[in-house]
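The structure appears below as structure tokens.
In each ligand, atom 1 is the first atom listed, and ligand 1 is the first ligand listed.
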Amino acid sequence: MRHLLSAADLDLATATAVLDLAEEMQQVQSRPVKKLPALRGRTIVNIFFEDSTRTRTSFEIAGKWLSADTINVSAKGSSVSKGESLRDTMMTLDAMGVDAFVIRHSSSGAAAQVAGWVKAQVVNAGDGQHEHPTQALLDAYAMRQHFRTLGAAPAPGATEFAGKRIAIVGDLLHSRVVRSNVLLQRTLGGEVVLVAPPTLLPTGVENWGCEVTGDLDAVLGTCDVVMMLRVQRERMAGGYFPTEREYSERFGLTEERLAALKPGAAICHPGPMNRGVEISSAAADAANSLVLDQVAAGVAVRMSVLYHLLGSDEGAVH
Ligand code: CP
């Protein structure tokens with residue numbers, strides 16, 4: 001793997017290998033000394049042009065636990081705030097001998113553009129409304145662990161996702177998480193059901209190969225995972241729905257809707273959550289909520305991704 005720009009970059013063998021190695025990486029999390037020598041001497045720059053808590057911190061931890069030198073750069077405090085172009089900023093950092101960039105940017109396609117400019121390897125940590133492939137991987141990891149706790153082993157040759165229905169609910173229009181999850185589940189074999197008001201459906205969603213509905217209550221009891229997406233107020237200029245209260249009544253995972261979930265169904269949310277809007281506190285903190293499992297998986301999965309990119313001579317460019 002040269003870069004990870006899209007969940008579509010991952011074939012079944014590679015996605016499975018990333019998830020399997022993440023299981024080994026997760027064991028490091030419970031050790032008193034959280035350090036492996038795998039990426040000693042490698043330099044990773046986490047460059048974030050948009051805010052982040054989970055992704056930036058977990059990539060930094062992942063790099064450090066693999067013994068890489070990790071440097072964080074944000075737009076504020078860098079020469080970007082003086083008007084330097086993205087290309088000049090990235091070429092400048094690349095000239096310092098960086099091995100990998102982990103980049104988040106508000107423009108869709110920014111990570112792919114950067115990959116065309118630099119010698120270093122590039123991981124897309126979220127580009128606008130386009131993709132967030134490591135989020136989809138960590139979601140898959142948390143779901144797979146959950147399916148395993150339910151006990152039923154997959155049929156020979158099938159994945160744990162075969163026959164599983166995953167509802168992704170809410171602000172699909174502005175979500176990079178939904179695109180990456182749809183692409184990854186197409187590879188892993190899960191069936192994705194998209195639930196949103198018509199105003200929050202992306203153009204062309206009918207070609208994504210997923211069931212699409214505006215009736216959350218009709219599908220709630222049929223899904224093995226219900227993934228609630230954040231209402232992205234910062235990307236909303238117009239009125240996409242009348243009020244947050246009405247949105248919550250129709251599309252929120254309210255306390256009442258918890259009782260309607262399929263037995264054994266899990267609740268996911270990539271975070272950050274708007275409690276009381278798309279998800280109630282009762283749902284976010286429920287015993288079947290995987291929200292913190294997703295966060296924990298983020299470190300292990302990102303360790304695995306960094307190792308797959310940088311941990312072999314094949315991937316090395318310097
Ligand atoms: N899920 C996610 O990308 O969270 P952050 O914006 O906090 O990184």
Side-chain angles (χ1 to χ4, degrees), residues 4-7 10 18-19 22 44-65 70-76 100-111 122-143 145-146 166 168-185 192 225-236 253 266-275 277-279 283-285 289-306:
L4 179 55
L5 305 175
S6 163
L10 300 161
V18 169
L19 297 179
I44 301 168
V45 170
N46 299 316
I47 182 157
F48 278 63
F49 296 90
E50 264 193 356
D51 294 342
S52 168
T53 297
R54 281 147 281 268
T55 312
R56 179 162 54 184
T57 310
S58 59
F59 263 116
E60 186 178 0
I61 292 173
K64 283 187 157 65
W65 286 0
T70 59
I71 292 111
N72 290 328
V73 179
S74 57
K76 207 171 159 204
F101 289 109
V102 175
I103 181 167
R104 171 170 289 190
H105 199 281
S106 56
S107 293
S108 300
V122 177
V123 182
N124 181 3
D127 60 332
Q129 302 172 24
H130 181 225
E131 278 219 47
H132 195 353
T134 58
Q135 178 70 46
L137 281 165
L138 74 86
D139 292 339
Y141 183 92
M143 287 185 233
Q145 297 296 96
H146 173 74
I166 301 161
I168 305 183
V169 186
D171 184 358
L172 308 184
L173 178 64
H174 301 106
S175 177
R176 49 198 175 210
V177 173
V178 69
R179 283 174 181 75
S180 290
N181 264 287
V182 167
L183 289 167
L184 187 61
Q185 287 304 325
V192 176
V225 175
V226 180
M227 183 184 293
M228 306 309 295
L229 295 183
R230 183 170 68 88
V231 172
Q232 298 196 30
R233 297 171 174 125
E234 75 277 18
R235 298 192 210 271
M236 287 186 187
L253 192 54
I267 298 162
C268 289
H269 193 306
M273 296 183 281
N274 292 314
R275 287 176 185 254
V277 183
E278 72 271 1
I279 190 166
D285 304 329
S289 165
L290 302 184
V291 170
L292 292 179
D293 302 87
Q294 290 171 271
V295 175
V299 177
V301 162
R302 286 166 178 140
M303 287 174 79
S304 177
V305 165
L306 292 176

(request) Answer yes or no: does an N/O atom from R56 fall short of 3.5 Å to an N/O atom of ligand 1? (result) no
(request) Supply the atom-to-atom distance D293 CG to I267 CD1, rounded to the nearest 0.5 angstrom. (result) 11.5 Å
(message) Holding to side chain to side chain donor-acceptor pair (under 3.5 Å), I want the full list of residues that pass it with R54, two or more places apart in sequence or in another chain.
(response) none
(request) Check the side chains of H132 and R104 for a donor-acceptor pair under 3.5 angstrom, ignoring hydrogens and angles. (result) yes
(request) List the closest protein heavy-atom neighbour of atom 6 (O) of ligand 1: residue, atom name, distance to the nearest 0.1 Å. (result) R104 NH1, 2.9 Å
(request) Can you figure out which of T53, L138, D51 has its heavy atom closest to atom 7 (O) of ligand 1? (result) T53
(message) Is G271 close enough to touch ligand 1? Criterion: a residue heavy atom under 4.0 Å from a ligand atom.
(response) yes
(request) Could you find the nearest protein heavy atom to atom 4 (O) of ligand 1 and give me its residue, atom name and distance? (result) R54 NE, 3.1 Å
(request) Inspect the contact between R275 and D285 and indicate whether a charged nitrogen and a carboxylate oxygen are less than 4.0 angstrom apart. (result) yes
(message) Would H132 count as a contact residue for ligand 1, given that I'm defining contact as a non-hydrogen atom of the residue lying under 4.0 Å from a ligand atom?
(response) yes
(message) Does D51, at its CG atom, have more than 12 non-hydrogen atoms belonging to other residues, nucleotides or ligands within less than 6.0 Å?
(response) no
(message) Could you tell me if E131 and S180 have a donor-acceptor pair between their side chains, going purely by distance under 3.5 Å?
(response) yes
(request) Could you tell me the residue and atom name of the protein heavy atom closest to atom 2 (C) of ligand 1, and the distance to it rounded to 0.1 Å? (result) T55 OG1, 3.6 Å
